[in-house]
Amino acid sequence: MDEAMPPSGVERSSRIEDLPGGIRAAIEAILVVADRPVTDEQVAAVLDRPTALVHSVLVDLQREYDGYTGLGLQSTEPPAPRGFELRNIAGGWRIFSRTQFASVVADFVLDGQSARLSQAALETLAVIAYRQPVSRARVSAIRGVNVDSVVRTLLQRGLVVEMETDPETGAVLYGTTTLFLERLGLGSVTELPRIAPHLPGLESLGEYDETTY
Amino acid sequence: MDEAMPPSGVERSSRIEDLPGGIRAAIEAILVVADRPVTDEQVAAVLDRPTALVHSVLVDLQREYDGYTGLGLQSTEPPAPRGFELRNIAGGWRIFSRTQFASVVADFVLDGQSARLSQAALETLAVIAYRQPVSRARVSAIRGVNVDSVVRTLLQRGLVVEMETDPETGAVLYGTTTLFLERLGLGSVTELPRIAPHLPGLESLGEYDETTY
Amino acid sequence: MATIAPTAEKTVFEVRLTNFSGPFDLLLNLISRRELDITEIALAEVTDEFIAHIRRIQAAEGEWKLDEASEFLVVAATLLDLKAARLLPAGAVEDEEDIALLEARDLLFARLLQYRAFKEMARHLAERFEMEDARHPRNAPLEPQFSRLLPELLWKHSPEEFAALAAKILSPRQEKPAKVSIEHLHAPPVSVRDQAVVLQNLLLARGPLSFRQLTEDADSRLLLVVRFLALLDLFRDGAISFEQAAPLSELVVRWSAGELSRPADRLTGDVEGGGIPEDGARRSVPGRIQRNGLEVARYG
């Protein structure tokens, strides 16, 4: 934050502000992809900027999304809130859909939702069950499609859970839950029927995955 | 869409536009919870509004996020893009972080997905993408080297898949996967750039491949 | 990648050598370093460099893998052929060998052009991958107020059904065949040398025979053609003689060398099935190119 700042930090510092949209847009970019609430400190660490500065930008964004333009009385336009809002819950910031549109969003979310798991969800669940702990990237590779949204469905349904983080890649590793076992009527994962006998050479395939990922 | 409209629809119709932010904010609320690309038609159905109207609002939002304020020459402020962008991929809309902030965002979404492909893997992938369904022998002939291990890597990455078996020769034929398209941001194989301009008069070379290997 | 910068230091270049993804890659690189148009240059001009480079790779990597080495050698052999042709006096053209050489060159050009096109596409794919990796879709979990609205999950799978599903997804797309058939890669090779032996045995056992008789058991056009080639070779070597009573009358073939002489042993070069054009037009045959190339390579 002062003379002691390392050179790399300085370099990065000058860059963010020069980008179109500056630090404000940089913070937005983080918020929009974050899959859990992020704290002032996390954002400050990633951007290498003072926490106080980051906090004030976040508060400012929150107000802007709510429809305050910052132009004060000069503005002739009525404040127009965005369809999303920035909420600070227990110290973490997260973008939510705006409450007023809850009925619209509910229609959208429930559209096409059924009480049954889709074939894609079932297949993804099968891969996670037999390969846990496993990253989304590896499940994608096995199934040949992006599984991000399907994994989220399984998370929402409480059938899978984030177990740990791969120490090398930093990827989140998923596994199945107690609820999953209850649904199958099993006591533990080890009671899953063995499938290895039907899969010649699959064990060695696992090694390949690790080395190429 | 007229007299026959059910009461609930009428009720809803009058409400959205009256809410702060109007239809524009309603569409944003949907986009922000969507976990996959959403089409004009889906949004139009949920909001019970004409597809053309929804489409024009979406295009407008896209421009706004990119920094066009719509105020034209009156605006004294330089256009400031947001940290996110709205992209239309294969007919579906989805919010993405803006490319310029990739280095900042990467810290939050490390999932091992960005492992680089080798030059050999890229070239093999290109041949398979443009010649699918295609046998390993033919890919070998085009690249002038044995491609067995490279194809295995591509299979493990989920970028190519065994599609079928050549009825005549019994050779396994390979093609690209949905994951391949998603990683390229394409909707279908037909959106790949044309290779013909790079292959002057060589379309018939395929026959040679078979005979020279 | 499109323009390869001239390398400042030899050591840098040698490090990069090992990164070529095949003989075409190396050849393209050599051509672009000399700023030659791929469609106009005589490939012979880069032959020496090509050979020198594969020698250096060999020295740097110690041992070659056999299949890898052969891929480079096929290209090297073709290049040497072309260079040898250039060294010959200009008058000595227009025989069969020269035409085969020209065809070999055209084929090499064509395959090189094709490879270049795909290399270009690979570069394009790399750019797209990089661009897309720089963007991340919004992927937030469903907000709690909405996930509460989801209908209760219906689950009807038994553990066994679930395991069967997993086995299906986790197994390779197809059953791997127990025995890998390679018949589709090459039609059964028919060797000129072997057929010469067959002809020799026929002629020694049954005396003078007509061409029709010598080929009556040929069950494919390929075999027919190879028998004919073998006859020409035997005639060239003075092992047989032809007799024809009148124009267009039947050709009689007679064994004229001694029984112990085995001229067939001197013949080399197998002709592979796929190499004979269906239309019967005279074109170079892969086996032929390879034979010439390997012979030249031995002396070069």
Side-chain angles (χ1 to χ4, degrees), chain A residues 12 15-16 19-22 24-35 38 42 46-47 67 78-84 95-98 100-105 107-109 111 135-138 140-146 148-149 152-153 166 169-172 205 208-209 212-213, chain B residues 12 15-16 19-22 24-36 38 42-43 45-48 61 67 78-84 95-98 100-105 107-113 115 152-153 155-161 176-180 182-183:
Chain A
R12 159 82 72 84
R15 247 192 280 138
I16 294 175
L19 290 173
R24 193 182 176 86
I27 292 176
E28 279 189 324
I30 293 170
L31 289 172
V32 90
V33 298
D35 56 5
V38 289
Q42 276 179 290
V46 168
L47 298 181
R82 308 222 70 109
F84 44 84
I95 290 177
F96 284 89
S97 62
R98 189 167 292 282
Q100 283 90 330
F101 298 100
S103 73
V104 166
V105 171
D107 281 358
F108 172 75
V109 168
D111 183 37
S135 69
R136 276 198 307 236
R138 200 168 153 208
S140 279
I142 292 172
R143 294 207 44 238
V145 290
N146 185 306
D148 290 359
S149 72
R152 209 172 24 256
T153 301
D166 187 311
T169 65
V172 176
L205 201 70
Y208 270 117
D209 283 357
T212 53
Y213 256 74
Chain B
R12 161 72 77 70
R15 246 194 280 140
I16 294 175
L19 288 172
R24 193 182 176 87
I27 291 176
E28 279 188 324
I30 291 171
L31 289 173
V32 91
V33 299
D35 59 5
R36 68 201 78 195
V38 289
Q42 273 178 286
V43 178
V46 168
L47 298 181
D48 198 7
L61 277 174
R82 309 221 72 109
F84 44 85
I95 292 178
F96 285 76
S97 65
R98 193 168 290 281
Q100 284 88 335
F101 301 102
S103 70
V104 165
V105 169
D107 292 355
F108 277 87
V109 286
L110 257 188
D111 204 14
Q113 286 224 358
R152 202 162 46 237
T153 302
L155 280 167
Q156 282 157 14
R157 294 276 191 106
L159 295 170
V160 305
V161 73
T176 53
T177 61
T178 318
L179 185 63
F180 165 79
E182 284 170 353
R183 291 286 312 277

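Letters A, B, ... mirror the listed sequences (proteins, then strands); counts begin at 1. A quick note: this is a predicted structure, and the numbers were derived from the prediction, not measured.
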From [X] [atom1] over to [Y] [atom2], what is the distance, rounded to the nearest 0.5 angstrom?
X	Y	atom1	atom2	answer
A:Asn146	B:Thr177	CG	OG1	10.5 Å
B:Glu182	A:Ser140	CD	OG	7.5 Å
B:Ser103	A:Ile16	OG	CD1	7.0 Å

Please report the shortest heavy-atom distance between [X] and [Y], naming the atom on each side.
X	Y	value
A:Ser97	B:Ala29	CB-O, 3.7 Å
A:Val104	B:Val46	O-CG1, 3.5 Å
B:Phe101	A:Pro20	CZ-O, 3.7 Å

Highest number of heavy-atom pairs under 4.5 Å with chain A: which of [options]?
options	answer
B:Val43, B:Thr178, B:Val160	B:Thr178
B:Ala25, B:Ala102, B:Ala26	B:Ala25
B:Arg36, B:Arg98, B:Arg24	B:Arg36

Checklist entry - Looking at A:Ile95, A:Val32, A:Thr153, which one has more heavy-atom pairs under 4.5 Å with chain B than the rest? => result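 Most heavy-atom pairs within the cutoff with chain B belong to A:Val32.
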Item to check | Trace of the side-chain contact (heavy atoms from CB on, under 4.5 Å) decision for B:Asp35 with A:Asp148 | outcome: CA-CA 8 Å; B:Asp35 59 5; A:Asp148 290 359; over 6 Å; no
Interface moiety of [X] toward chain A, non-hydrogen atoms closer than 4.5 Å:
X	answer
B:Val38	side chain
B:Arg82	both
B:Gln100	both
B:Leu159	neither
B:Ala34	both

Next on the checklist: Is there a side-chain contact (heavy atoms from CB on, under 4.5 Å) between B:Gln42 and A:Phe108? Walk through the geometry before answering.
Outcome noted: CA-CA 8 Å; B:Gln42 273 178 286; A:Phe108 172 75; 4.3 Å; yes
Item to check | Residue A:Ile30 versus chain B: region with a heavy atom under 4.5 Å | outcome: both
